[in-house]
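Okay, structure first, notes after.
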Amino acid sequence: MPIHVYSTEKRAKEPLTSIEPGRIRMYVCGPTVYDSCHIGHARPAVVFDTMRRFMEYSGLLVTFISNITDIDDKIINRSRELGISWRELARRYQDEYERDMARLGVLSPSIRPRASEHIPEMIELVQGLVENGTAYVTPKGVWFDVGKFAAYGRLSGRIADDEHTEHRVEQDEEKHNQQDFALWKTAKPGEPFWESPWGPGRPGWHIECSAMSGKYCDFQLDIHGGGADLAFPHHENELAQSEAYTGKRFVRHWLHNGFITVGKDGPGDDSGEKMGKSKGNAFWLHDAFKVASPAALRLWILGTHYRMPLLYKPEFLTHAENALDRIYNCLDELRRTLDQAKSVQPEEGHAANGMGEVVEQFKTAMEDDFNTPQALAALYDGVGRLNAALKNQAPAADLKAAANLLYGMLGVLGLPPERQAAAGSGGADGLVLLLLRLRNEARAKKDFATSDRIRDGWKERGVEINDRGGESTWTRK
RNA sequence: GGCGGCGUAGCCAAGCGGUAAGGCAAUGGUUUGCAAAACCAUCAUUCACCAGUUCGAUUCUGGUCGCCGCCUCCA
């Protein structure tokens, strides 16, 4: 069964195809770096990263491009507020974004182009559109004429000349159609600018993604992703510009993720509204990391299909944390068992307890438009089977073969193979190990008062001690 | 006004024509010095509501109610 994806343009699932067999060229709109990220920004990063991981797991070669918008109105305004240059501001928040994403286990893109480093490509593209007649110049800049592109509205299903648009879109008597959008903006005094055939100015927002995907993928993408709010007008405009310029199909599959929402009256309320900085309901990622492990955040996001709305409530992170524990308890036990066994080669065994079937279910789920909730069900099934195999003292080689399959699934989901990495905390603590030894001496003498006191004491400090037969283990919670 | 989406157990969430996956929580049992973990078992006659199509609908069609998003920057 080939991978199927839901196309926003077709409003239906379709088989994933690519220009070049075995290779996927994928572009995902990245952030405008003018402030910190909230968990809403984490969703596209995590879900498209997971898609990429699964495609690579399936043997496809993926070129994953995700841009940084480092020049636009918001950045200019914010840098003025802070009294620093736009370059400095953009650099600061790009660094923060990259750190946050790395913590979430989001792989670095193959290419991470910055808008400000592709101005010549954008000018060339705009020039081409002016020359072929789909763009025109006014004192305010260069505009794309939507009336010259017959397929305008193909992606979003939106019809031009909507009377409601006129009240919302910036009015300008020199524009041919109210929906015409800026390709190039003439610089106002004091604004950053680049020289161009139309005088000093800067690019419009939509043109950058076209220019960069044009440069790195020859204006032909297999997958273009982003948040649902980008479908219109951003992606509709990108499509129009790119196809008007090349005459070739720009994108085969448009994929959009749903929003993270928050209760209107705070996290306790059930009727969610879209999270956003301007709504004042943003839950910043750097705050999220204080209350939840990166892996739990990731598991929570993947617990809902990427196109569905995702309501945020603090307790959901706790649920994810508990579910994660179930996975890592199994992995810990497995590691302990395998450490005691003589060196075994996974090839010597066949995956214990039908783990092979579990992986097939996992793949089937992922192939169906990246159905991560269903894939997770397969993963938990695998955990249960492995636990049973452990309990039944299955041969080490079989356990190892099964474990490798489980690790493969975890890798697709971007969940770390070890608890410590998932929690983002450090390794063994000498003090814990010392007290663990003293406690075991007490237990050997049946001095349970002392042993319980040590266990309770550590529990208060976030370290959980568990006895497994004669030995004891600890985990940081 | 136009376009689109959502409503499944206490909570989260898949399924989308053949009789309700999974997770969290809960309960009973096995195990344990006691716990924890693990294992076994229990946990929706029912999928917002009302009609219709069908041998059969949570899944398709029409309508009603409730919630949300896009149409302006937005993940």
Side-chain angles (χ1 to χ4, degrees), chain A residues 8 11 28-32 34 37-48 72-74 77 153 156-159 161-170 179 205 225-234 236 256-261 264 270-279 299-300 302-305 307-311 313 315-316 318-330 332-333 361 365 368 371-381 383-384 386-388 390-392 443 446-449 451-452 455-456 459 464-469 472-473 475 477:
Chain A
T8 304
R11 302 192 197 289
V28 178
C29 288
T32 298
Y34 72 105
C37 292
H38 53 70
I39 56 175
H41 294 105
R43 171 115 101 146
V46 166
V47 301
F48 288 109
D72 101 328
D73 292 357
K74 283 185 175 176
N77 294 339
S156 58
R158 208 145 324 222
I159 310 145
D161 286 301
D162 179 352
E163 64 177 55
H164 287 75
T165 302
E166 298 181 11
H167 304 295
R168 292 166 168 267
V169 172
E170 183 190 355
Q179 289 170 319
W205 174 39
D229 51 353
L230 297 182
F232 189 91
H234 185 54
E236 188 72 62
H256 293 97
N257 66 273
F259 295 117
I260 287 184
T261 62
K264 283 180 182 162
D270 276 351
S271 64
E273 66 175 350
K274 183 181 172 185
M275 178 179 289
K277 179 180 150 74
S278 55
K279 303 221 181 207
L299 188 65
W300 167 63
L302 295 178
T304 297
H305 185 88
R307 282 191 280 112
M308 295 293 116
L310 212 205
L311 179 67
K313 283 192 189 184
E315 62 260 40
F316 297 162
T318 309
H319 295 175
E321 212 80 70
N322 291 344
L324 212 50
D325 259 344
R326 184 170 145 73
I327 296 169
Y328 288 114
N329 283 338
C330 172
D332 286 348
E333 191 62 40
Q361 284 165 10
D368 182 15
N371 191 331
T372 52
Q374 209 159 65
L376 280 168
L379 180 81
Y380 292 123
D381 184 20
V383 168
L386 212 35
N387 278 330
L390 246 6
K391 187 184 168 76
N392 298 332
R443 284 181 73 218
K446 301 215 182 295
D447 177 7
F448 296 125
S451 69
D452 288 353
R455 184 168 64 190
D456 294 344
K459 186 159 191 171
E464 195 170 282
I465 292 173
N466 300 311
D467 302 323
R468 307 183 195 248
S472 302
T473 62
T475 48
K477 293 280 172 153

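The model shown is predicted, which means the values in this text are computed figures rather than measured ones. Below, each value reflects all heavy atoms present in this structure, side chains not excepted, and no hydrogens, waters or symmetry copies. Order of the sequence lines sets the chain letters (A, B, ...), proteins ahead of strands, with each chain counted from 1.
- For A:R43 and B:G69, the CZ to P distance is 14 Å, given to the nearest whole Å.
- Separation of the P atoms belonging to B:C73 and B:C47 is 43 Å when rounded to the nearest angstrom.
- Straight-line distance from the CG atom of A:D229 to the P atom of B:G4: 18 Å, rounded to whole Å.
- Using a 4.0 Å heavy-atom distance criterion, A:A323 is classed as a sugar-phosphate-only contact.
- Here B:G17 sits opposite no nucleotide as a Watson-Crick or G-U wobble pair (both hydrogen-bonding atom distances under 3.5 Å).
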Exercise for review: Report, as a single string ordered 5' to 3', how protein heavy atoms within less than 4.0 Å touch nucleotides 10-19 of chain B: B base, S sugar-phosphate only, - not at all.
Suggested key: -SSSSS----
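- Residue A:Q179 contributes atom CD, which lies 11 Å from atom C1' of B:G2 at whole-angstrom precision.
- The base-pairing partner of B:C60, taking Watson-Crick or G-U wobble contacts with both distances under 3.5 Å, is B:G52.
- Residue A:F448 and nucleotide B:G33 are classified as a stacked aromatic pair, their ring centres being separated by less than 5.5 Å at an interplanar angle below 30°.
- Nucleotides B:G15 and B:U8 have their P atoms positioned 14 Å apart, rounded to a whole Å.
- Remark: the A:D381 side chain and the B:G22 base include no donor-acceptor N/O pair separated by less than 3.5 Å.
- B:C6 and B:G66 make up a base pair, with Watson-Crick or G-U wobble contacts both under 3.5 Å.
- Scored by the side-chain hydrogen bond (donor to acceptor under 3.5 Å, both in side chains) test, A:E333 finds A:R336, A:R468 as partners (sequence neighbours excluded).
- Side-chain proximity of A:A377 to B:G2, B:A75, B:G22: nearest is B:G22.
- The distance between atom NE2 of A:H256 and atom P of B:C6, rounded to the nearest whole Å, is 16 Å.
- Residue A:T8 is out of contact with every strand shown, counting any heavy-atom pair closer than 4.0 Å.
- The residue A:L299 sits apart from the nucleic acid: no heavy atom pair falls under 4.0 Å.
- Residue A:N322 is in sugar-phosphate contact alone, with no base atom involved, counting any heavy-atom pair closer than 4.0 Å across all strands shown.
- Note: CZ (A:R11) to C1' (B:G4) measures 6 Å, nearest angstrom.
- Between A:L379 atom CG and B:C24 atom P there is a gap of 12 Å when expressed in whole angstrom units.
- Among the nucleotides B:G2, B:C73, B:A75, the one closest to any side-chain atom of A:P233 is B:C73.
- Residues A:C29 and A:L230 come closest through the heavy atom pair CB-CD1, 3.7 Å.
- Heavy atoms only, all atoms of each residue included: A:N257 and A:F48 are closest at OD1-CE1, 3.6 Å.
- For A:D381, the salt bridge (charged side-chain N to carboxylate O under 4.0 Å, His left out) criterion is met by A:R385, not counting sequence neighbours.
- In terms of heavy atoms, A:T372 sits closest to A:T304 at OG1-O, 3.9 Å.
- Of the listed nucleotides (B:C24, B:A75, B:C34), B:C34 has the atom at the smallest distance from the side chain of A:R455.
- Atom CG of A:D447 is separated from atom P of B:G33 by 16 Å (rounded to the nearest Å).
- The same atom, P, is picked in B:C40 and in B:G4; the two are 47 Å apart, to the nearest Å.
- Taking the P atom of each, B:C16 and B:U46 are spaced 22 Å apart, rounded to whole Å.
- Look at the C1' atom in both B:A9 and B:G1: the space between them is 39 Å, to the nearest Å.
- Listed pair A:K279 / B:G69 meets the phosphate criterion, a side-chain N or O lying under 4.0 Å from OP1 or OP2.
- Judged as a side-chain hydrogen bond (donor to acceptor under 3.5 Å, both in side chains), and not counting sequence neighbours, the contacts of A:H305 are A:D369.
- With a 4.5 Å cut-off on side-chain heavy atoms, A:W300 and A:L310 count as touching.
- For A:N371, there are no side-chain hydrogen bond (donor to acceptor under 3.5 Å, both in side chains) partners at least two apart in sequence or on another chain.
- Checked against side-chain hydrogen bond (donor to acceptor under 3.5 Å, both in side chains), A:D447 has the following partners two or more places apart in sequence or in another chain: A:T450.
- When distances run from any side-chain atom of A:F259 to the nucleotides B:G69, B:C71, B:G33, the shortest one goes to B:G69.
- Shown here, B:A37 forms no base pair; nothing in the strands shown gives a Watson-Crick or G-U wobble contact with both key distances under 3.5 Å.
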Could you run down the sub-3.5 Å N/O contacts of the protein with nucleotides 36-39 of chain B?
from	atom 1	to	atom 2	distance (Å)
B:A36	O2'	A:E464	OE2	3.3
B:A36	O2'	A:N466	OD1	3.2
B:A36	N1	A:D467	O	3.4
B:A37	O3'	A:N329	ND2	3.1
B:A38	O3'	A:N387	ND2	3.2
B:C39	OP1	A:N387	ND2	3.2

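- Annotation: side chain of A:R326 is in contact with side chain of A:Y380 (closest heavy-atom distance under 4.5 Å).
- In terms of the salt bridge (charged side-chain N to carboxylate O under 4.0 Å, His left out) criterion, residue partners of A:D452 (sequence neighbours excluded) are, by chain and number, A:R455.
- What you find for A:A375 and A:A365 is that their closest heavy atoms are N-CB, 3.5 Å.
- Scored by the salt bridge (charged side-chain N to carboxylate O under 4.0 Å, His left out) test, A:K74 finds no partners at all (sequence neighbours excluded).
- A distance of about 33 Å separates the P atoms of B:C6 and B:U42, rounded to the whole Å.
- Along RNA chain B, the nucleotide nearest to A:L376 and the one nearest to A:R307 differ in position, and the one closer to the 5' end is contacted by A:R307.
- At a threshold of 4.0 angstrom between heavy atoms, the contacts of A:K74 include nucleobase atoms, whether or not backbone atoms are also involved.
- Pair assignment for B:G1: B:C71, on the basis of Watson-Crick or G-U wobble contacts that are both within less than 3.5 Å.
- The interatomic distance linking A:Q361 (CD) with B:G23 (P) rounds to 13 Å, in whole Å.
- Between the P atoms of B:G69 and B:G18, the separation comes to 34 Å (whole Å).
- Rounded to whole Å, the separation between the P atoms of B:A21 and B:A41 comes to 15 Å.
- Remark: B:A25 base-pairs with no nucleotide; criterion is Watson-Crick or G-U wobble with both hydrogen-bond distances under 3.5 Å.
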